[in-house]
Amino acid sequence: MQPEKIPTMHYNFNEIEAKWQKYWAENQTFKAENNSEKPKYYVLDMFPYPSGAGLHVGHPLGYIASDIYARYKRHQGFNVLHPQGYDSFGLPAEQYAIQTGQHPAITTAENIKTYRRQLDQIGFSFDWSREVRTSDPSYYKWTQWIFIQLFNSWYNNDSDKAEAISELENIFASEGNKKVNAVCDENVEYFTAEDWSGFDAKKKQQILLQYRLTYLAETEVNWCPALGTVLANDEIVNGVSERGGHPVIRKKMTQWSMRISAYAERLLQGLDKIDWTDSLKESQRNWIGKSVGASVSFNVISSETKQSPSSGVRGIEVFTTRPDTIFGVSFMTLAPEHELVSQITTPEQKAEVEAYIEATAKRSERDRMADVKTITGAFTGAYAEHPFTKAPIPIWIGDYVLAGYGTGAVMSVPCGDQRDYDFAKHFNIPIPNIFEGVDISEEAFSDKEKTIIANSDFLNGLNYKKATKRAIYELEKIGQGKGKTNYRLRDAVFSRQRYWGEPFPVYYDENGMPQMIDEKFLPLELPEVDKYLPTETGEPPLGNAKKWYWLQYGDKAEIVSKEEFENSSPSGRLGGALELNTMPGWAGSSWYFNRYMDANNPNEFASKEALAYWQDVDLYIGGSEHATGHLLYSRFWQKFLFDKGLVPVDEYAKKLINQGMILGTSAFVYRVQLKNNKGVYFISSDFFKKVFPHSFEKLKNEENVGSINSFLRKEIGGERVEIVSMSRIHVDVSMVNSSNELDIQSLREWLAEFENAEFLLGEDDNFKVERDVEKMSKSKYNVVNPDDIVADYGADSLRLYEMFLGPLEQYKPWNTAGITGVHSFLKKLWKLYVDDNGLKVSDAKPSKDNLKTLHQTIKKVQSDIENFSFNTSVSTFMIAVNEFTKQGCTSKEILEPLLVLISPYAPHIAEELWRLLGHNTSISTAPFPEFDETHLVESTKNYPISFNGKMRFTMELPLDLSKDEIEKAVLEYEKTKDQLQGRTPKKVIVVPGKIVNIVG
RNA sequence: GCUGAAGUGGUGGAAUUGGUAGACACGUUGGACUUAAAAUCCAAUGGACAUUUAGUCCGUGCGGGUUCAAGUCCCGCCUUCAGUACCA
């Protein structure tokens, strides 16, 4: 038996980390108070989807950064809210349920457990008492509640905010809808107050739906009949589904939509007041896509008489940003899907047009977009009438015009728009020139600044600005157009044909109209189903629920089967079939940052007091892939909640930082498979590259197979071989060491087919793999699990190393080998405080050098944290510890503040040493050391002396010398004379405190 | 195509308003300790030439420019990554 060792004589990270994680949990060290004298600070991470694979080393990157910042703010005396939770509805759990029958709630709970264990062992300072899960009924109750608020609201353009739908009903009842300035569906019919009171309940509901902020609408979707589901553009490759390769068709479907377009302008304006990265704001601006111009309506001419207007055909509405070029219109182009196409196409052109429509329908939106070079289109045979000249204008269809943007129709001005120009050239349509002094024989002229209009009646001689104004004025005068601002931002489809999402609090009444269930009955919980697939009749998975009808009498409500509902007494009954769609992934994540402020409140989504105290997120960290999804939708919901007086601010995140991704370093081997089962050969990468220096892709070409053949024959021993296939395959990175050498035995054991493979070794008789940086993913066998890192080096090493890898926002590859650097730094740090005899910190007075090093460190680390430059502060710590070690520093006055500086980065070791220094409370609330400039004041400077800009040597000089004194001292210096070799300098540049440069 | 970000040793990266390019690490090489290994410590490490010392030249994707001085500023290009609309 060994004598009992006094603990903590050496750096036992496993023990220390477990101890402090337990301490933090038991003492609720990081619980944030909703009532505090301290100023508040809210640090938020984009919450994770708990996938079955668990965390890999890339995931915690942003969490470590935000944790450092949160801990730093606590040291500065802030009451810090730093919560975490789970975006736990989502497709992977549903896919898993479809395959295994396992309920997604069970898988999700298990995955969350794994995530929590992994997060805990990294030592984050989360306030877990505020954890939220979007799939928890106590959470989605409020998601449903917000949905109801949206349903009960409309957007009033006059007050520029959302208002109660009941107000709108009052307006309809008193004056009809003619004066209502609302964001609503296109083409709403006008009605009077009398009309309104005469409408039946159904008609009223239909009208109100055209105004509500969430509404039912027919939307075109990518429907895959074989899978019984709607697919995203991403999930379609070459017109068939990515999974299974089934055909996909465009289909209209009734779905819930969110009227985000009502907020387009405010979402755009709001960007100016938040401190988000420019690239992110730019993406949102592009996505919103504001353009200012005019809408113009063109009458369609009867194709027989060529006289206007053709009876029974509505005019064609177009949107243009260049109303000043209206006299340059020589044709019109409609999207092939445009509803007028079938009405106006002449019998002669019918066959051609239909063939063209059929051809474009086959092309996916992506295909149409990717192909810029091919110009296609068809003439409808119909003509429109120019609003001013009354000249007939041929109407074409072309797939460069998209149905979903603007009105799906374009007035084509070939002289001023390159795409119109190309189209006109291709189909021999005339290209009238309406610009003064511009040659358009080669290309269109689209420079607005230099535009002077010609050949355009009343617009002649005007510039772009004046002509635009005049054109709009004249259009308004004849009632055929008006100024208009157009946004690309489309209303967001909010229905998903899935099981694992929030149920809509909606049933359909006897008129088939949607009704919200009363708030007091929320949450409407997800029903149990036998199967998670669509029903045989093509309904969403909720169609499988045996009981999914709402039945309510007065204050009593229950969910019943269809039969039970039909057999119930109709008198006083409310209810009907419940909505079968569920909400999309972004529903729960659009407001969760508010819930954290008061996460366990059963009565409100958050109390007024909590909202008033916490206000908004001060620092939000997450990936840039959410730039136009989550980050736009959540801003929309926040603005809506703000309009309703439910939250105190209309932008919820003051500052946002994007973290980059940690990439994997994949390992590849070259494999050659021979015919007639002659075997599998693996070729060492260095060897392979020496013999075939060209790239592998080139090698795969036919002509090179021969050379590989003869190469192999030589290696194997003369026998003629034939290659079946040659490939470069991923191997698991765990089978490769830091020198890129493969453990051959592991590869043999990995897959049965490799068991008897032959290996052609390279230099030193080693088998080398090739390395390449790729996204970390299971399928690439390059995933590194943080659990392994924590077990081998500890959480503090992992935290430091992730930061040390490089700037937070940058993409960078992971390489486990480098972690030894930060790990030995922590050991050195430990040794600064503790040796074989225990604590060695003394009350000795700090030396000047000690103080200088400390205060340099404070200055640098503080500015680094505030600039989110965490990588450079890790180097600063290393320099500090190296210097203190060299200085033999043991002074408590120095080593104590050093611990506080390091504690946000490496909290466990800091807590342990803090305790050893005699403190009984957590280091997390110790004040951040104050920087004192006086310790850094220098009396001399080691000047670099340059000759013609090239540094030759340095020279130590007092800092209080004047320019002339410096020049004199330098010129008298022996080394200067050596450099000049008798030449007289033409010029001497002296920058005191910086540099001396001698020219000549 | 457009928008955004980025190109620096063998590798990750550093360099504050233009002022000593390569901090800090990894890796590599040599050495100490050890029976040996691990761990630890010390030294060297951008390239080329030279080597007794001293030193010289080249060098931050490429080509120009501004400046006493450019990784940093300006002009023109190339490459990589990410997002993305034929946006009228």
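Within every chain, numbering begins at 1; the chains are lettered A, B, ... in the order of the sequence lines, protein sequences first and strands thereafter.
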>> Can you classify the ring geometry of A/His823 versus A/Tyr793 as parallel (below 30°), tilted (30 to 60°) or perpendicular (above 60°)?
In response: perpendicular
> With rounding to whole Å, what would you report as the distance between B/U17 and B/G76 at their C1' atoms?
Replying inline: 27 Å
> With sugar-phosphate meaning primed atoms plus P, OP1 and OP2, does A/Asn997 contact a base, only sugar-phosphate, or nothing at under 4.0 Å between heavy atoms?
Replying inline: base
> Within this structure, what is the CD-to-C1' distance between A/Glu282 and B/U84, rounded to whole angstrom?
Replying inline: 12 Å
> Is the A/Trp396 ring parallel, tilted or perpendicular to the A/Phe427 ring (thresholds 30°, 60°)?
Replying inline: tilted
>> Just to be sure I understand the rule, does A/Lys986 reach a base, reach only the sugar-phosphate, or reach nothing, if contact means heavy atoms closer than 4.0 Å?
In response: nothing
> Which nucleotide, B/C86, B/U20, B/G19, lies nearest any side-chain atom of A/Ile989?
Replying inline: B/G19
> To the nearest angstrom, how far is A/Asn286 atom CG from B/G4 atom C1'?
Replying inline: 9 Å
> Roughly how far apart, to the nearest Å, are B/U28 and B/U11 at atom P?
Replying inline: 15 Å
> From the list B/G27, B/C58, B/A23, which nucleotide is the closest neighbour of the side chain of A/Thr820?
Replying inline: B/G27
>> Using the side-chain heavy atoms of A/Ile879, tell me which of these nucleotides is nearest: B/G13, B/A23, B/A25.
In response: B/A23
> Is it the case that A/Asn486 and A/Ser291 place a side-chain donor and acceptor less than 3.5 Å from each other?
Replying inline: no
> Distance between the C1' atoms of B/G22 and B/G46, in whole angstroms?
Replying inline: 8 Å
>> Looking only at the side chain of A/Pro807 (C-beta and beyond, no hydrogens), which of the listed nucleotides B/A88, B/A14, B/U20 gets closest?
In response: B/A14
> Between A/Phe423 and A/Tyr421, is a ring pair (Phe, Tyr, Trp, His ring centres under 6.0 Å) present by the stated rule, with each step listed?
Replying inline: CA-CA 5 Å; A/Phe423 195 90; A/Tyr421 186 92; over 10 Å; no
> By ring-ring contact (aromatic ring centres under 6.0 Å, His included), which residues pair with A/Trp276, not counting sequence neighbours?
Replying inline: none
> Where the side chain of A/Pro944 is concerned, which of B/G13, B/C68, B/U20 is the nearest nucleotide?
Replying inline: B/U20
>> Regarding A/Glu809, tell me which of base, sugar-phosphate or nothing describes its non-hydrogen contacts under 4.0 Å with the strands shown.
In response: nothing
> What nucleotide among B/G13, B/A88, B/G19 has an atom nearest to a side-chain atom of A/Ser291?
Replying inline: B/A88
> Rounded to whole angstroms, how far apart are CD1 on A/Ile657 and C1' on B/G4?
Replying inline: 17 Å
> Choosing from B/C24, B/A88, B/C58, which nucleotide comes nearest the side chain of A/Val401?
Replying inline: B/A88
> A/Val999 side chain: which of B/C68, B/U17, B/C24 is closest?
Replying inline: B/C68
> If the P atom of B/G19 is compared with that of B/C74, how far apart are they to the nearest Å?
Replying inline: 15 Å
> For A/Glu265, what residues pass the side-chain hydrogen bond (donor to acceptor under 3.5 Å, both in side chains) criterion, not counting sequence neighbours?
Replying inline: A/Gln269, A/Lys290, A/Tyr487
>> Under the rule for salt bridge (charged side-chain N to carboxylate O under 4.0 Å, His left out), what residues qualify as partners of A/Asp275, not counting sequence neighbours?
In response: A/Lys655
> When you look for runs of 3 or more Watson-Crick or G-U pairs in a row, both distances below 3.5 Å, which of them include RNA chain B?
Replying inline: B:1-7 with B:78-84, B:10-12 with B:24-26, B:27-32 with B:40-45, B:46-49 with B:55-58, B:61-65 with B:73-77
> Closest to the A/Leu402 side chain: B/G12, B/G19, B/C86?
Replying inline: B/C86
> Could you give all pairs that pass the salt bridge (Lys or Arg N to Asp or Glu O under 4.0 Å) test and reach residues 798-820 of chain A, with sequence neighbours left out?
Replying inline: A/Asp67-A/Arg799
> Which ones in residues 860-878 of chain A lie close to RNA chain B, meaning a heavy atom under 4.0 Å from one of its atoms?
Replying inline: A/Asn871, A/Thr872, A/Ser875, A/Met878
> How are the rings of A/Trp814 and A/Tyr801 set to each other: parallel, tilted or perpendicular (split at 30° and 60°)?
Replying inline: perpendicular
> So, A/Thr665 and A/Asn815: side-chain donor and acceptor under 3.5 Å apart, yes or no?
Replying inline: no
> Which one, B/C26, B/A69, B/U17, comes nearest to the side chain of A/Ala817?
Replying inline: B/C26
> If the P atom of B/A6 is compared with that of B/U16, how far apart are they to the nearest Å?
Replying inline: 15 Å
